[in-house]
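What follows is a short report on a single structure.
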Amino acid sequence: MEELKPKSLNFLEEIVQEDIASGKYPKGILTRFPPEPNGYLHIGHAKSICLNFGLAQRFGGATNLRFDDTNPVTEETEYVESIKKDVSWLGFTWAEELYTSDYFEDLYQFAEKLITLSFAYVDDSSAAEIAAQKGTPTTPGTHSPFRNRSVEENLALFRDMRAGKYADGEKVLRAKIDMAHPNMHMRDPLMYRIRHVKHHRSGDKWCIYPMYDFAHGQSDSIEEITHSICTLEFDVHRPLYDWFLDKLGIFPSHQYEFARLNLSHTVMSKRKLLQLVNEKVVNGWDDPRMPTISGLRRRGFTPASIRNFCERIGVAKRDNLIDLSLLEFCIREDLNKSADRVMAVLDPIKLVITNYPADKTEDLQIENNPEAEVITKRSVPFSNELYIEREDFMIDPPKKFFRLGVGLQVRLKGAYIVTCTDFKTDSAGNVTEVHAEYIPESKSGQDTSGINVKGTIHWVSVAHAVEAEVRNFDRLLIVEDASELGDDFLKFINPESLQIIPKVYVEPGLKSASVGQPLQFIRKGYYSLDLDSSSDKLVFNRTVTLKDTWAKEKAK
RNA sequence: UGACCUAUGGUGUAAUGGUAACACACCAGUUUUUGGUUCUGGUUUUCUAGGUUCGAGUCCUGGUAGGUCAACCA
């Protein structure tokens, strides 16, 4: 489908467009999403996923899903499964499911080749010695005493490393580049280390494992990835990425860097997320307060809203801090179109309609979603005793209070207009009951009363109400920017990030709600049924509130 | 006392040497049987000093500020 006015391209799209125009990649472009299976995906990964898959979709290419599993110590199959689930859920289909570990033999051969070309050597130095040899960013490094071993000796030693003749840490394979290079990554970086550890896929087949720098570029090259995009901190790795591909003389994949996503009022680093889980600040990786894909899914976010968000934040090379309100806008925008409206009273007070027959029940037909293309209705029981929101009645209502107070009128959503006549209090002066009279000819849809009211409030019939638990979620942190907080970020957890309301009343039709189904509790927010629900206990998660301009008005 | 990356409203992102725009946020009004939604309008912008040019947010130089890099992590 052709857009009328071509949207401006982001810098990555421009690069791809130029490469295609110049005929650089006659077979089309190929991107890849390369997570390490050592944790759960978060919204930052979603940006990368949308970028990689989006680039390929837009320019007629394809995208591989590659698990970058070169460190057997941290990686597990459990994470592979969750990552696949999350990428699929976001709505993307990968061309091939691949694993860096599947290239271990190729990578080994690449290493032997570099040894043969005198571009690599086996080093017996300890980790501390190697660190010392590296120098500092402002002072050049020094040569390892093992740097000038012969090709034959290096080859023999490296084969012995593979054969398991050495213990962990005893030897490493290093690239022979330049110990005085201004880029630290070019000062004879490690290519292989010894790890006598079972790998989640290759098992015990290997005891030497390639480092990221010796695996990533070559994996890209093996797959003939044309555009390998990653985050900014890998910028300094690019010379090394290019050096290996050049010396090996293999397919020249190219790396491009973009600024990672930072979201306000939350944390994104794997370490901090892990900390939240381990210290039980949240209830697991899929806690709805987490910025993980699984958390957002459980919270009630839709894949489309997240894709939309990633589209709107754009992509560039400068550091950024995206305001959470943009994410909230995106989910509201989506849910406003798709969520059925239902009534739930979270903080109930009884409203008695004194002139409505006590033994009567009406089944009212109420619109599910005024925004829908095809309007459908549902049946909601109405009777003389209703629950309404406590905040919808005031003893001394101020001027612009369009709700109940003695003498005031409101419409009960989908039902009648009522006039408040009285109220009861307990000994402490708390309102316990509100009384009103309904206007029979004001029935919704057939109103002949001629009365206009400013306010409409939601309600649930006492006799028909279904009990439910509601979990209201809010921002995880009370500070916008957690980047400089370090471990102190735990001191800034929003104490109201989770508020459980154990007993609310919802309309009876909600007994048949399904997990994840988007709903709008009228005037309250968007909710979805949590997977903790059972047939005799409903639990609803608040995805996001509605915009509340009344709250702002009240604050004045 | 290094190398590299970056700098546009409050937050993001465009403008590809030719009128600084779009979204979110915020404010005001409109619509509304949700104080939701819709629609309309408004407030607020090119880090700094030079240079090139008829013309610079864009190119060049210096400065300033922020970020990245010295894991047998990725």
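Letters A, B, ... mirror the listed sequences (proteins, then strands); counts begin at 1.
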>> At under 4.0 Å between heavy atoms, how does the protein contact nucleotides 23-39 of chain B? Give one character per nucleotide, 5' to 3', with B, S or -.
In response: SSSSSS----BBBBS--

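- G42(B) and A21(B): their P atoms are spaced 12 Å apart (whole Å).
- Judged by Watson-Crick or G-U wobble contacts below 3.5 Å, the nucleotide G17(B) has no partner.
- Heavy-atom neighbours of Lys165(A) NZ from other residues, nucleotides or ligands within 6.0 Å: at or below the threshold of 12.
- Between the P atoms of G18(B) and A25(B), the separation comes to 32 Å (whole Å).
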> Between Arg32(A) and Glu223(A), does a salt bridge (charged side-chain N to carboxylate O under 4.0 Å, His left out) hold up when you go through it step by step?
Replying inline: CA-CA 9 Å; Arg32(A) 104 267 92 113; Glu223(A) 294 171 23; over 6 Å; no

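- Comparing U30(B) with G41(B), their P atoms sit 15 Å apart, to the nearest whole Å.
- The nucleotide G12(B) finds its pairing partner in C22(B), both defining distances of the Watson-Crick or G-U wobble pair being shorter than 3.5 Å.
- Across all strands shown, U46(B) forms no Watson-Crick or G-U wobble pair with both key distances under 3.5 Å.
- In this entry U68(B) has A3(B) as its Watson-Crick or G-U wobble partner, both defining distances falling under 3.5 Å.
- Separating the CZ atom of Phe309(A) from the P atom of U13(B) is a distance of 11 Å, rounded to the nearest angstrom.
- The gap from the P atom of U31(B) to that of G36(B) amounts to 13 Å, rounded to the nearest Å.
- Across all strands shown, Leu321(A) has heavy atoms under 4.0 Å from sugar-phosphate atoms exclusively, and none from any base.
- The line from CZ of Phe244(A) to CZ of Phe110(A) is 11.5 Å long, rounded to the nearest 0.5 Å.
- His227(A) has its ring centre less than 6.0 Å from the ring centre of Tyr256(A).
- Between the C1' atoms of U40(B) and A56(B), the separation comes to 35 Å (whole Å).
- Separating the CD atom of Gln255(A) from the P atom of C4(B) is a distance of 17 Å, rounded to the nearest angstrom.
- Note: CZ (Phe258(A)) to P (G12(B)) measures 16 Å, nearest angstrom.
- Taking the C1' atoms as reference points, A20(B) lies 25 Å from U61(B), given to the whole Å.
- Trp459(A) and Phe382(A) have their aromatic ring centers within a separation under 6.0 angstrom.
- Taking the C1' atoms as reference points, C60(B) lies 48 Å from C39(B), given to the whole Å.
- Distance CD1/Ile229(A) to CG/Leu55(A): 5.5 Å, rounded to 0.5 Å.
- For the C1' atoms, the distance from G66(B) to A23(B) is 25 Å, rounded to whole Å.
- A centroid separation of less than 6.0 Å is found between the aromatic rings of Tyr79(A) and Tyr40(A).
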> In the 5'-to-3' direction, what one-character label does each nucleotide of nucleotides 56-74 of chain B receive under the scheme B = base within less than 4.0 Å of a protein heavy atom, S = sugar-phosphate only, - = no such atom?
Replying inline: -----------SSSB-BSB

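- Ring centers of Phe329(A) and Phe309(A): at least 6.0 Å apart, outside the cut-off.
- Taking the six-membered ring wherever Trp is involved, the centroid distance between the rings of Tyr416(A) and Tyr438(A) falls below 6.0 Å.
- Taking atom CG of residue Leu240(A) and atom C1' of nucleotide C4(B), one finds them 15 Å apart after rounding to whole Å.
- No contact: Val73(A) has no heavy atom under 4.0 Å from any strand.
- Distance, Arg238(A) CZ to U6(B) C1': 14 Å, rounded to whole Å.
- Side chains of Arg341(A) and His458(A): a donor-acceptor N/O pair is absent below 3.5 angstrom, by distance only.
- For the pair Glu480(A) and Thr138(A), both in contact range of RNA chain B, the more 5′-proximal nearest nucleotide belongs to Thr138(A).
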